Amino acid sequence: MPGLLDTTEQTYRYYRHAVENHWDPHDIDLTADREAVTELDDLMFTNLRGSIAAFGAGEESVAEDLAPLAVVLDDVQDEMFVTTQLYEEAKHADFFDRYWQTVVTPEEERRGMEETSPTDDQWFSDAYVELFDRMEDSLNELLVEDTPETRAKAYCHYHLTIEGILAQTGYYGLTRAYGGEDVFEEPMPELPGLVAGLTKIRGDEGRHVGFGMHQLKAYVESGDVDPALIRDTVNELVPLVQESVAPTEGETRGDEPDPLGLSEYALDKHTQRMQQITNASADIPDVEALTALE
């Protein structure tokens with residue numbers, strides 16, 4: 001007898017992947033990070049604070065702003081997946097908030113710095129704020145007019161750009177900087193708790209990005225959405241992504257203006273995503289491949 005669910009659907013498989021890969025942000029040991037962060041000079045510590053704040057605010061924003069999509073979805077497999085995504089975005093926000101309270105605030109106190117909040121305006125560039133404002137608007141538009149075009153724009157803003165390009169670039173940069181690679185002229189301390197958390201979050205967001213790309217590719221293949229709409233929407237956002245990930249003072253140590261190659265990495269991710277969605281002969285990569293840092 002047929003059941004309610006189509007377990008062969010890709011979105012159902014994303015849902016099951018979420019169920020099978022559950023993790024708790026409070027299980028990650030931050031003891032070593034608390035000690036290692038003392039090795040950073042004040043400028044690099046401030047850069048780290050900015051990165052943690054940006055990730056935390058981003059995760060909080062996407063957790064708040066995804067609700068309209070959950071309201072308009074009418075396929076049960078899609079609905080089941082998005083419930084896992086809402087839950088996971090909340091976990092990600094929890095991890096970065098815990099990192100701030102456990103690592104950042106005690107280090108500010110040790111250095112005699114004024115205690116800051118991860119929500120302070122100083123951590124967010126105008127380009128970063130505009131990206132998330134545009135994402136919120138695109139999701140809210142679904143409650144006004146739910147069409148294949150408005151859904152495609154929402155997926156382009158949320159899953160493809162914020163998660164698939166901006167966040168992926170941030171993971172790449174922080175993992176290279178604090179994961180033991182010899183990136184800068186002066187050695188950087190390893191932050192294993194941060195890298196472990198980022199690795200878990202990347203695993204979750206591989207599903208999220210895959211879901212959005214799967215939906216967009218289905219719209220293109222059915223003819224419901226012109227590929228030009230997807231390209232034009234993301235092309236408008238990529239400059240804001242590149243501005244958001246541009247190195248700040250202190251991150252340009254040595255002769256290289258961008259030692260981590262973040263701007264180029266963001267552009268490469270954009271090119272890959274577009275090809276995978278709009279090329280009929282290309283497949284959506286699996287979860288692990290979607291968030292591989294190479």
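Throughout, residue positions are numbered sequentially from 1 according to the sequence presented. Source: prediction; values computed, not measured.
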Tightest non-hydrogen contact, residues L4 and Q77, listed as O-OE1, 4.2 Å
Are L142 and V71 close enough that some pair of their side-chain heavy atoms sits under 4.5 Å apart?
no
Do you know which of K91, E205, E88 makes side chain to side chain contact (heavy atoms under 4.5 Å, CB included) with E59?
E205
Is E9 paired with R13 through a side-chain N to carboxylate O contact shorter than 4.0 Å?
no
For a quick test of reading the model, state the closest non-hydrogen atom pair linking G197 to I28 and the distance between them.
CA-CD1, 3.5 Å
Hey, any chance V19 and L5 share a hydrophobic cluster, counting ILVMFWY side chains that come within less than 4.5 Å of each other, even indirectly?
yes
When you look at CG of D27, are more than 12 heavy atoms from neighbouring residues, nucleotides or ligands closer to it than 6.0 Å?
yes
Side-chain contact, heavy-atom cut-off 4.5 Å: L191 with L48?
yes
4.5 Å side-chain heavy-atom contact, R207 and N21
yes
Side-chain H-bond candidate by donor/acceptor type, E163 with H208, under 3.5 Å
yes
Checking side-chain polar atoms at under 3.5 Å, does S61 have a donor or acceptor matched by the opposite partner on D65?
yes
Please tell me whether M44 and V195 are part of a single hydrophobic cluster in this structure, the criterion being side-chain heavy atoms less than 4.5 Å apart.
no
Would you call E108 and R49 a salt bridge, using N to O less than 4.0 angstrom?
yes
Given E130 and R134, is the salt bridge (charged side-chain N to carboxylate O under 4.0 Å, His left out) satisfied, shown in steps?
CA-CA 6 Å; E130 184 175 350; R134 290 194 187 190; 2.7 Å; yes
Determine, using the 4.5 Å side-chain heavy-atom cutoff (strictly less than), whether F81 and Y87 are members of one ILVMFWY cluster.
no
Regarding Y99 and D33, is there a side-chain donor-to-acceptor distance under 3.5 Å anywhere?
yes
Just wondering, more than 12 heavy atoms not from E20 lying within 6.0 Å of its CD?
yes
Take the angle between the ring planes of F55 and Y171 and call it parallel below 30°, perpendicular above 60°, tilted in between.
parallel
Qualifying residue for side chain to side chain donor-acceptor pair (under 3.5 Å) with Q215, from T11, D75, D78:
D78
So, Y15 versus Y12, ring centres under 6.0 angstrom or not?
yes
Looking only at heavy atoms, the pair that brings F45 and V104 closest together is CZ-O, 3.7 Å
Classify the ring geometry of H159 against F211: parallel below 30°, tilted from 30° to 60°, perpendicular beyond 60°.
tilted
Salt bridge present between E107 and R111 (N-O < 4.0 angstrom)
yes
Looking at C156 and L237, what are the two nearest heavy atoms and their distance?
O-CD1, 4.4 Å
With no hydrogens and no angle check, do the side chains of D94 and H26 hold a donor and an acceptor under 3.5 Å apart?
yes
Please determine whether the number of non-hydrogen atoms from other residues, nucleotides or ligands lying under 6.0 Å from atom CG of D24 exceeds 12.
yes
Taking the side chain as every heavy atom from C-beta outward, state whether I162 and H157 have any atom pair closer than 4.5 Å.
no
Side chains of D204 and Q85: is there a donor and an acceptor less than 3.5 Å apart?
no
Could you tell me whether the side chains of Y155 and R151 share a donor-acceptor contact shorter than 3.5 Å?
no
